[in-house]
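Take a look at the structure set out below.
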Amino acid sequence: MRTPYSLFTRTSKKSGKIKWYARFWDEEAGRYSRAQALNVPFAGRRNGRDLAIQAAQAEVAKMKRETDPLVIDFVTAFWAPGSRHIRSREIVDQKPLSLAYLDHNRRAIQLYIAPYPGFKTLRLSKLKAGIVKDWQLWAMEHGATPRSCNIALQALKVPIRDAVMRGEISADPLTIVKKVPEHPRERGVLTIAEINALIKVDEHDPRIKAAILLATLGGLRRGEIRGLRWGDIDWNLHILHVRHNTVDQEEDKAPKAGSARTIPLHNSVLEELRKLFSIAPLQGDDDFVFFSTSKPQSPLSGRALLDGLYRMLEAIGINKEQRIKRNLNLHAMRHSFITLARNLGMPDISVMALSGHKSPQMLSRYSHGNQTLDFQLVRSQMEEVIL
């Protein structure tokens, strides 16, 4: 078997002293190529050969860490703040990863990947599909939920795909590893009667009333609600441009998955927005519609939105126990909007254009659906059932 290094000595022209050197095997070149001084003198016991061997072996281990790192070290470094991948997504692709997404992956690595005994000494080049399948079994047996297991699997797959793309490994062994089947609870939705009741709720905070109705009758996500600016509203045409997404601890960004869109404003939503505008401390085009009372130049917190929703649901007779049983949260209001729109008989292209909800299969087909909408027709259809 080919040894990873070959020792030799060389005499220094300056000092005349003999020192140990090593040439290291280059697998691609098929020969010993790179030579390096080991800083071990040709003197002492066995002329320092044992020390030279130790130094060469240490250098081989260092080279191994660099060219064939441990799987754990590789994936941990991949998701670390400021890593090459994170910088490339932000600067080259101009698609920065959210802090929440990065934290999600780092936590998955820490909780579910790193503790697995099979990964402790495993080198990147030795990663096999079977090892990952064994890890899935271990993770599930040690309390990981299917959802957590799949998040961790994705946190492992992305760095491996990147390594293949860069030529650091020859093939992706994880392409055949499938996710653990998940059985998530079905998202709850409100009935038409409950939506009508929600519109009539006497909510003391006008920000909450407008925000919850906008989620229920406009299908906006939490970040899209929090990121809304006054300049996004066309008061004359009764439409709203969804083009911001505000997430805690992050700068303003575009809506999820490029789902910027335009939606019609139901009369009840328009009325609440006008009330809110009349009392807003800041009314510029770039000022937040749903502002923080303590800091008006900042958006309303996600916690305040959720607490406000629970308060309004309680007001229409949906208590905490019922809310939990029906799985009603802020995103369920978006589902209520989508369900309502489909029940009204709107074609899928219109519903997807309104919600900004694109599956991979429908993305290319429906990406321009917003241009085909008759906003007045959509408004009239909704207002026939939502009073």
Side-chain angles (χ1 to χ4, degrees), residues 1-89 91-93 106 109 113-135 155-177:
M1 182 178 178
R2 181 76 63 178
T3 58
Y5 62 88
S6 173
L7 295 177
F8 66 97
T9 58
R10 181 178 291 172
T11 303
S12 171
K13 293 181 180 180
K14 289 185 178 181
S15 64
K17 294 181 179 180
I18 304 174
K19 292 185 178 181
W20 284 99
Y21 284 73
R23 289 189 183 91
F24 297 94
W25 181 256
D26 186 329
E27 196 67 42
E28 290 186 6
R31 58 187 176 85
Y32 291 105
S33 56
R34 184 171 70 89
Q36 182 174 318
L38 299 176
N39 295 320
V40 176
F42 186 79
R45 185 181 178 184
R46 296 191 64 204
N47 292 323
R49 185 177 182 84
D50 291 341
L51 294 177
I53 291 174
Q54 292 177 17
Q57 290 174 339
E59 187 62 27
V60 168
K62 178 183 177 183
M63 292 166 60
K64 191 75 171 176
R65 288 195 299 271
E66 294 174 349
T67 60
D68 191 15
L70 294 173
V71 169
I72 296 300
D73 292 343
F74 178 74
V75 296
T76 299
F78 184 89
W79 294 114
S83 73
R84 179 181 63 190
H85 175 69
I86 293 173
R87 297 196 319 274
S88 180
R89 283 295 301 261
I91 299 170
V92 180
D93 300 335
R106 285 193 284 265
I109 296 296
I113 300 292
Y116 178 52
F119 286 149
K120 293 293 185 182
T121 59
L122 185 68
R123 295 284 173 183
L124 185 61
S125 65
K126 302 299 182 182
L127 183 64
K128 307 293 182 186
I131 296 173
V132 178
K133 287 293 291 181
D134 290 343
W135 161 76
L156 183 61
K157 279 190 168 188
V158 173
I160 299 305
R161 284 200 302 266
D162 189 74
V164 174
M165 182 272 293
R166 293 180 173 279
E168 295 169 354
I169 53 178
S170 59
D172 186 348
L174 305 188
T175 53
I176 60 174
V177 179

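- The two residues Ile72 and Ala114 have their closest heavy-atom pair at CD1-CA, 3.6 Å.
- The backbone N or O of Thr121 sits nowhere less than 3.5 Å from a side-chain atom of Lys126 that would complete a donor-acceptor pair.
- When every heavy atom of Pro159 is checked against every heavy atom of Phe78, the shortest pair comes out as CG-CD2, 3.4 Å.
- With sequence neighbours excluded, no residue satisfies side-chain contact (heavy atoms from CB on, under 4.5 Å) with Lys120.
- The CG atom of Asp134 sits 14.0 Å away from the NZ atom of Lys128 when rounded to the nearest 0.5 Å.
- In terms of the ring-ring contact (aromatic ring centres under 6.0 Å, His included) criterion, Phe74 has no residue partners (sequence neighbours excluded).
- By the ring-ring contact (aromatic ring centres under 6.0 Å, His included) test, Trp20 is found to be paired with Phe42, residues two or more places apart in sequence or in another chain being considered.
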Would you be so kind as to tabulate the donor-acceptor pairs closer than 3.5 Å made by side chains of residues 7-18, with sequence neighbours excluded?
{"unit_1": "Ser12", "atom_1": "OG", "unit_2": "Lys14", "atom_2": "N", "d": "3.3"}
{"unit_1": "Ser12", "atom_1": "OG", "unit_2": "Ser15", "atom_2": "N", "d": "3.3"}
{"unit_1": "Ser12", "atom_1": "OG", "unit_2": "Ser15", "atom_2": "OG", "d": "3.3"}
{"unit_1": "Ser15", "atom_1": "OG", "unit_2": "Lys17", "atom_2": "N", "d": "3.2"}

task: Go through the steps to decide whether Leu70 and Arg123 satisfy the test side chain to side chain contact (heavy atoms under 4.5 Å, CB included), and finish with yes or no.
output: CA-CA 4 Å; Leu70 294 173; Arg123 295 284 173 183; 3.9 Å; yes

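- In this structure the side chain of Tyr5 reaches within 4.5 angstrom of the side chain of Ile53, judged on heavy atoms.
- Judged as a side-chain contact (heavy atoms from CB on, under 4.5 Å), and not counting sequence neighbours, Arg45 has no contacts.
- Between Pro173 and Ala129, the shortest heavy-atom contact is O-CB, 3.2 Å.
- Legend: residues meeting side-chain contact (heavy atoms from CB on, under 4.5 Å) with Thr175, ordered by chain and number and at least two apart, are Asp172.
- Trp135 places no side-chain N or O within 3.5 Å of a backbone atom of Tyr116 that could act as its donor or acceptor partner.
- Residues passing the side chain to side chain donor-acceptor pair (under 3.5 Å) test with Asp162, sequence neighbours excluded: Arg166.
- For Leu51, the side-chain contact (heavy atoms from CB on, under 4.5 Å) partners at least two apart in sequence or on another chain are Val40, Gln54.
- Leu174 is listed as a side-chain neighbour of Leu127, based on a closest heavy-atom distance under 4.5 Å.
- Note that CG of Asp93 and NE2 of His85 are 8.5 Å apart. Values are rounded to the nearest 0.5 Å.
- Between the side chain of Arg23 and the backbone N or O of Ala35 there is no donor-acceptor pair closer than 3.5 Å.
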message: For a side chain to side chain contact (heavy atoms under 4.5 Å, CB included) check, start with the C-alpha distance between Phe119 and Leu156, then their side-chain angles and the critical distance, and finish with the verdict.
response: CA-CA 12 Å; Phe119 286 149; Leu156 183 61; 4.3 Å; yes

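- Arg89 meets the side chain to side chain donor-acceptor pair (under 3.5 Å) test with no other residue; sequence neighbours excluded.
- Results of the side-chain contact (heavy atoms from CB on, under 4.5 Å) test with Thr76 over Ile113, Ile109, Val71 single out Ile109 as the only residue that passes.
- A heavy-atom distance below 4.5 Å is found between the side chains of Ile160 and Leu124.
- Judged as a salt bridge (Lys or Arg N to Asp or Glu O under 4.0 Å), and not counting sequence neighbours, the contacts of Asp50 are Arg46.
- Other residues, nucleotides and ligands contribute only 12 or fewer heavy atoms inside 6.0 Å of the NZ atom of Lys19.
- Looking only at distances, no side-chain donor or acceptor of Ser88 sits under 3.5 Å from a matching main-chain atom of Arg84.
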